[in-house]
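Presented below is the structure to which this report refers.
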Amino acid sequence: MKKKSNNLYLGDRQPLNTMGKIGLGLSYMVLILWTIAILWPIYQMVMSAFNGMQQEYIIMNKGFEFSFDHFTFLFEETLYPKWMLNTIFISISTAIITLLFVSFTGFAYSRYRFKGRKASLMAIMIIQTIPSFAGLTAYFTMYSIISDVLPFFNRQMMLILIYSAGGIAGNTFILKGYLDSISMELDDAAKIDGCSNLKVYKLIILPIARPMLAIIALWSFLGPFMDYLLPKVILTNPEAYTLAAGLFTLIADKENMNQPAFAAGGLLIAIPTVILFTVLQKQLISGLSSGAVK
Amino acid sequence: MKVLLDNVGKKYEGRENFTLRHIDLEIEDKDFCVILGPSGCGKSTLLRMIAGLNSITEGDLIFGDRRVNKVPSKDRDIAMVFQSYALYPHMTVYDNMAFSLAMRKEPKKLIHERVMEAAKVLQIENYLYSKPSDISGGQRQRVALGRAMVRKPKVFLMDEPLSNLDAKLREHMRVELVKLHKALETTSIYVTHDQVEAMTMATKIVLMDGGKIQQVGKPEDFYNRPENVFVAKFIGSPTMNLIEGKMNGGKFVSDDGAITLNPSDTDAQKLKEYENKPIIVGIRSERFITDNITENTLDCTLDIVELLGKEKTIYAKYSNGTTFVVTIPGHLQFKAGDKYKLVFDKEALHFFDGETKLRIN
């Protein structure tokens, strides 16, 4: 009897037959191509960001010479540091406002029965389907009304308001779902132990929901980094631009064209997000997995 | 502390009918009162109303001499053990137990003493600094008890605390709980659907069904003198044998006329006025006699014989198709397929009114 030693196993199953092996090969090929499709642009970005011989077009690249020229250009010739600060300010404000409101709305929807609970949840869900860009005229009207009443209300604050309003609506659902999976008996036990409603929330529910809150904070923080459209439309002054809107000026027209600087700027954007991910890593993983298992 | 429920009722918002209504109950100080009933009978709702977790729609709830209908849970001087234990997952065992005292701003030293005392009684000293997720189910159960104990509450509420434990541990904890109840000298109210727990632990059983109290009393009353057909069927395993029929000439005759039984003299007195009225007669499985008596006998074929060790359960079939459940000591030889003469013990017959389902004798 000939013993087959070249059997391929996927987990604890029957060995793969010929078709299975071909399928596996194809799967790997797709995955590899996909990886290349993702990694190639990143490689290009990193290379051109550090390439001193790079002119204003990334494509017309002859040779490589390591330098920080493009970064120097970014910080000295453009408003990049200002944009960075703007973005971080908008992101942090959005994250804080979203978190503050969502933690209360999620708790209320999960724990209390009140008139219009179902209707308002439905309304939130339906409103989610309308892209925020569709409300542009409304935003301008709202902005002019608010800034009439409160003169210090600038366009950046309007942007924060739009981001956090959207975030509150969407994340209320997510947090409600997560809190629903926490047994109500915990609330009861805490109440008998002497907690008021607010203390139940603060001392019992909030610590348990922390992983989910970390995820919500991260998402709302990253939102303004990713968004180009709203800041471009709502912010009129380049001084007030966010990174996405600001960097686009470097590739938008012939006069200011500097594609390598754009690449360098893009690379730098990653820094705060990477830091945030590292800090929240433990919370995020436990949040994702516990949410999935329950 | 004495707990008194006076005509208490509960209607959940948005429901047409009352979940519970006309509940009158008196639980004496230091009673171990078990509220027993099938699922959905309203027993948990009743306990949650006593705990203050559900509002009371009508009636009065009185602790000692204070009406506590509107008093929040934390001011009722109660502690509760939940079915899921409801331990705070982010706190250590010690913090879980200390939480209620810490909430009341008790001094740290007192908290420490009380927690240590409870931990010693419950033998959980070794994992006071573990998280609830790192300890076993039985240990969690003890922590939940400990958390309730440290407060030294006047009323101790338990909502099916043993239902998540395995059979052996449950048996053990039953004894522990009774010991604990005696040591703490509090009033305990315990909700369960398990009649064994009720019979073994209670000083007073409250059996509920369909939002009403069916019977209140001592465990032995429940077994020996069930007040209605529901109680008779619910208490006791195997279930009591019940036959529907009529009184005819001082004798009980089953509906199809196949079974005729003579009641005892005292029972016959009480049954006089039920002549020609529907009657249900019941007999516990262990009250059949195999002696040679000629009265109240039925010739049965043994259908199935189950050996349970100390006893055998026999399903005996009578010629009209009725099956009787009989229990006999395990060492007696009975085989399926044999024919035997079953004798009803006259003194152990339970008679119920066929219409009202209430006990007659």
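- Annotation for A:Y28: atom OH does not count as buried by contact number, only 12 or fewer foreign heavy atoms lying within 6.0 Å.
- Shown here is B:Y12, whose OH atom has more than 12 heavy atoms of other residues, nucleotides or ligands within 6.0 Å.
- Remark: side-chain polar atoms of B:Y88 are not paired, donor with acceptor, to backbone N or O of A:L203 under 3.5 angstrom.
- The local environment of CZ in A:F277 is sparse, with at most 12 non-hydrogen atoms from other residues, nucleotides or ligands closer than 6.0 Å.
- At a 4.5 Å heavy-atom cutoff, the contact between B:L87 and chain A is made by backbone atoms alone.
- Distance check: B:M97 CE to A:D193 CG gives 11.5 Å after rounding to the nearest 0.5 Å.
- Within 6.0 Å of atom CZ in A:R113, more than 12 heavy atoms from other residues, nucleotides or ligands are found, so the atom counts as buried in its surroundings.
- Nearest heavy-atom pair across B:R48 and A:D188 is NH1-OD2, 2.8 Å.
- Environment of CZ in B:F18: crowded, with over 12 heavy atoms of neighbouring residues, nucleotides or ligands closer than 6.0 Å.
- Within the 4.5 Å cutoff, the side chain of A:I182 has no heavy atoms near those of the B:P89 side chain.
- Considering every non-hydrogen atom in both A:I204 and B:H90, the closest pair reads O-CE1, 3.6 Å.
- In terms of heavy-atom proximity, B:A51 sits nearest to A:I192 at CB-CD1, 4.2 Å.
- Within residues 62-84 of chain B, the residues having any heavy atom less than 4.5 Å from a heavy atom of chain A are, in residue-number order, B:S73, B:K74, B:I78, B:A79, B:M80, B:F82, B:Q83, B:S84.
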Worked verdict on B:M103 versus A:K199 for side-chain contact (heavy atoms from CB on, under 4.5 Å): CA-CA 10 Å; B:M103 280 279 90; A:K199 269 194 176 150; 3.9 Å; yes
